[in-house]
Amino acid sequence: MIDPKIIREKKEIVIEALNKRGASFDMERLVAVDEERRVLIQESEKMKQEKNELSDEIGRIRKSGPIPKEKIDHLKELGTKIDELERRLKEVEREWEEMSLLIPNIPDKTVPIGTTEEENKVVKVWGEKPDFSFEPKPHWEIGEGLDILDFKRAAKITGSRFTLYKSFGALLERALINFMLDLHTEEHGYTEVLPPFIVNRDSMTGTGQLPKFEEELFKLEGLDYFLIPTAEVPVTNIFSNEILKEEELPVRFVAYTPCFRKEAGAHGKDTRGLTRQHQFNKVELVKFALPENSYEELEGLLLDAEDVLKKLGIHYRVSLLCTGDLGFSSAKTYDIEVWLPGQNVYREISSCSNFESFQARRAKIRYRKGNGKIEFVHTLNGSGLAIGRTVMAVLENYQQADGSITVPDVLIPYMRGIKRFPL
RNA sequence: GGAGAGGUGACCGAGUAGGCCGAAGGUGCUCGCCUGCUAAGCGAGUGUACGGCUAAAACCGUACCCAGGGUUCAAAUCCCUGCCUCUCCGCCA
């Protein structure tokens, strides 16, 4: 949610931001609703004041004598009027909130303006495309050939877009999770958390998945609970409705969780391999920062995520997303795109964003400043990294001419010492 | 799943024959004083949100004693529903 004061006093800023994103929104309507809301608040509160005063008076009179009937009648009448006003106010407030929750965040000034991902800006490149003496295969061919990824049986067990990992494949997945958790806790200063994988509606609304993207989520039958699409949701909501101390910030959490997504808008897209699954693992980085240095924290977060690929020795580049490609809640996002030689593409493996106070305002995450004032924190998060996509990257980049896979050095301790598969 | 108990401010903890309770007291914290010894004493202050007024405060008003309804002129206090916690029993990774 963006600051209601900005909508009220500087709606041009919001309109301009929406235009840059290519989003449409009836701002005039929202401003009108806001105005009506405030008028109703004033009217009803004035009446409540009168009612409270008269009620107190009756409390005092009662001690010394009978209560005049006309006073009670007058109060009853006031009560009826207040009820009416409150009913209208409730409707107006609901509309106001529904609308407010649908406005995307305002992009940071440094975000390039554009409409599609074509206009994202590559801002960093690390390493280079490896040379192969043979035609590198896509990971699904490697995986099925070595019998470490079984898509057919996963489809039998559940359906499409699920994977059964076997032997070296399962071990590699688990090794990557542990490697990343250790790296971020031991070298980058994050605290590990293991949150619930199911959350309620408030949490989903707090981080911005709801109300707009419900069709992307798996909802539990008969309950207002959802499977998490990313650890961002439970971890960011750790501090919902809390007031932190300024000196506690920044707080940095790292969490491993599975993620569940319907991929409703992706029919027929990325249907082969691990790229786009209904269930995948991810190690996520989440930060709560002071507003004045949240952008430094974003750069740091990006470096922390990049470090995983550096240590794995896999070529990647970093793109700064343009306004048209920016996620709903984000003010600024970097994507890390890993090189996949078997598919001859760069593929997003991490998305690092600063949400500024957008999520904090929805989830009511605040902090008390030195001078006693209370403000919203800034929240940030980024994948560090998506595990399934890292498995793709390892398989495709470390495949050998004989069809085997060598294990990146940093993973060997996490792989029971295995250096190559098959041996 | 069965039977009980309970959810009050940063924390502990009063307050249930409805009004004088945004809420005693204590602890913690902040500021000031005092003291000089690894501590104590004294004084003051210390919830949040929304609305109004402000340059900004101060200030005024409204709401909030888990959440949502209800009864009443009036509810932390009474009634209903939900959520959560605790104890006992049952069941179970």
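A, B, ... follow the sequence lines: proteins, then strands. Residue 1 opens every chain. Side chains are part of it too, since the values below use all heavy atoms of this structure and drop only hydrogens, waters and symmetry mates.
Counting only heavy atoms from C-beta on, A:Ile41 has its side chain closest to B:G51 among B:G51, B:G19, B:U62. Distance from the side chain of A:Arg8 is smallest to B:G51 among B:G51, B:C73, B:G61. When the nucleotides B:G69, B:A74, B:G52 are ranked by their closest atom to the side chain of A:Ser55, B:A74 comes out on top.
Base pairing of B:G36: no nucleotide in any strand meets the Watson-Crick or G-U wobble criterion (both distances under 3.5 Å). Nucleotide B:A10 forms a Watson-Crick or G-U wobble pair with B:U27, both donor-acceptor distances falling under 3.5 Å. B:U54 makes up no base pair with any nucleotide shown, lacking Watson-Crick or G-U wobble contacts both under 3.5 Å. When both distances must be under 3.5 Å, the Watson-Crick or G-U wobble mate of B:C73 is B:G19. B:U62 and B:A49 make up a base pair, with Watson-Crick or G-U wobble contacts both under 3.5 Å. Across every strand in view, B:G4 sits in a pair with B:C86 that passes the Watson-Crick or G-U test at under 3.5 angstrom. Under the Watson-Crick or G-U wobble criterion, with both distances below 3.5 Å, B:U81 is paired with B:A67.
Within the structure, a side-chain polar atom (N or O) of A:Arg38 is placed less than 4.0 Å from OP1 or OP2 of B:G52. OP1 and OP2 of B:C50 both lie 4.0 Å or more from every side-chain N or O belonging to A:Arg37. Between B:A74 and A:Lys48, no contact under 4.0 Å exists linking OP1 or OP2 to a side-chain N or O. Distances shorter than 4.0 Å separate none of the side-chain N or O atoms of A:Asn52 from OP1 or OP2 on B:A74. For A:Lys76, a side-chain nitrogen or oxygen approaches OP1 or OP2 of B:C73 to under 4.0 Å.
Salt bridge status for A:Glu247 with A:Arg368: absent, with no side-chain N to carboxylate O gap under 4.0 Å. Salt bridge status for A:Arg38 with A:Glu35: present, with a side-chain N to carboxylate O gap under 4.0 Å. Electrostatic pairing of A:Lys369 and A:Glu246 does not count as a salt bridge here, judged by no charged N lying under 4.0 Å from a carboxylate O.
When the P atom of B:C83 is taken as reference, atom OH of A:Tyr225 falls 8 Å away, rounded to whole Å. Put simply, CD on A:Glu35 is 12 Å from C1' on B:G51, counting in whole angstrom units. Here the P atom of nucleotide B:C50 and the CD1 atom of A:Ile7 are 14 Å apart, to the nearest Å. Here the P atom of nucleotide B:C73 and the CG atom of A:Leu54 are 14 Å apart, to the nearest Å. Between the CD atom of A:Glu247 and the P atom of B:C29 there is a distance of 13 Å, given to the nearest Å. Regarding A:Asp56, its CG atom lies at a distance of 13 Å from the C1' atom of B:G18, rounded to whole Å. Atoms CD1 (A:Ile243) and P (B:U46) sit 16 Å apart, rounded to a whole Å. Nucleotide B:C73 holds its C1' atom 13 Å from the CG atom of A:Asp83, rounded to whole Å.
Of the residues in residues 359-374 of chain A, A:Arg366, A:Arg368, A:Ile374 come within less than 4.0 Å of RNA chain B through at least one heavy atom, sorted by number.
Judged by distance alone, with hydrogens and angles left aside, A:Glu45 brings no side-chain donor or acceptor close enough to the base of B:G51 to form a pair under 3.5 Å.
To the nearest whole angstrom, the two C1' atoms, one in B:G47 and one in B:U71, are 30 Å apart. Nucleotides B:C80 and B:G6 have their P atoms positioned 14 Å apart, rounded to a whole Å. The same atom, P, is picked in B:C60 and in B:C42; the two are 31 Å apart, to the nearest Å. Nucleotides B:A10 and B:U62 place their C1' atoms 25 Å apart, quoted to the nearest Å. Going from the P atom of B:C34 to that of B:G43 covers 15 Å, rounded to whole Å. Spacing between B:A49 and B:A58 at atom P, rounded to whole Å, works out to 13 Å. Taking atom P on both nucleotides, B:A23 is separated from B:U46 by 11 Å, rounded to a whole Å. Spacing of P atoms, B:U8 relative to B:G68, comes out at 16 Å, to the nearest Å.
Shown here is A:Lys364, whose NZ atom has no more than 12 heavy atoms of other residues, nucleotides or ligands within 6.0 Å.
Here A:Asp73 lies out of heavy-atom contact (under 4.0 Å) with every strand. Contact annotation for A:Lys5: no contact, since no heavy-atom pair falls under 4.0 Å across all strands. In this structure, A:Lys51 reaches the sugar-phosphate backbone alone: every heavy-atom distance under 4.0 Å involves primed, P, OP1 or OP2 atoms, never a base.
A donor-acceptor contact shorter than 3.5 Å links the side chain of A:Asn397 to the backbone of A:Ala393.
Looking at A:Arg420 and A:Ile405, their side chains never come closer than 4.5 Å, going by heavy atoms from C-beta outward. No side-chain heavy atom of A:Gln343 sits under 4.5 Å from any side-chain heavy atom of A:Arg272. For the pair A:Thr333 and A:Asn354, the minimum side-chain heavy-atom distance is 4.5 Å or more.
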Let me have the donor-acceptor pairs involving side chains of residues 174-185 of chain A, under 3.5 Å, with sequence neighbours excluded, atom names and distances please.
{"residue": "A:Asn178", "atom": "ND2", "partner": "A:Arg174", "partner atom": "O", "Å": "3.4"}
{"residue": "A:Asp182", "atom": "OD2", "partner": "A:Tyr414", "partner atom": "OH", "Å": "2.7"}
{"residue": "A:His184", "atom": "ND1", "partner": "A:His188", "partner atom": "ND1", "Å": "3.0"}
{"residue": "A:His184", "atom": "NE2", "partner": "A:Gly384", "partner atom": "O", "Å": "2.8"}
{"residue": "A:Thr185", "atom": "OG1", "partner": "A:Leu181", "partner atom": "O", "Å": "2.7"}
{"residue": "A:Thr185", "atom": "OG1", "partner": "A:Asp182", "partner atom": "O", "Å": "3.2"}

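Between A:Phe213 and A:Phe328, the ring planes lie perpendicular to each other; the angle is over 60°, past the 30° to 60° tilted range.
Nucleotides of RNA chain B nearest to A:Gln42 and A:Leu75 differ in position, and the one nearer the 5' end is that of A:Gln42.
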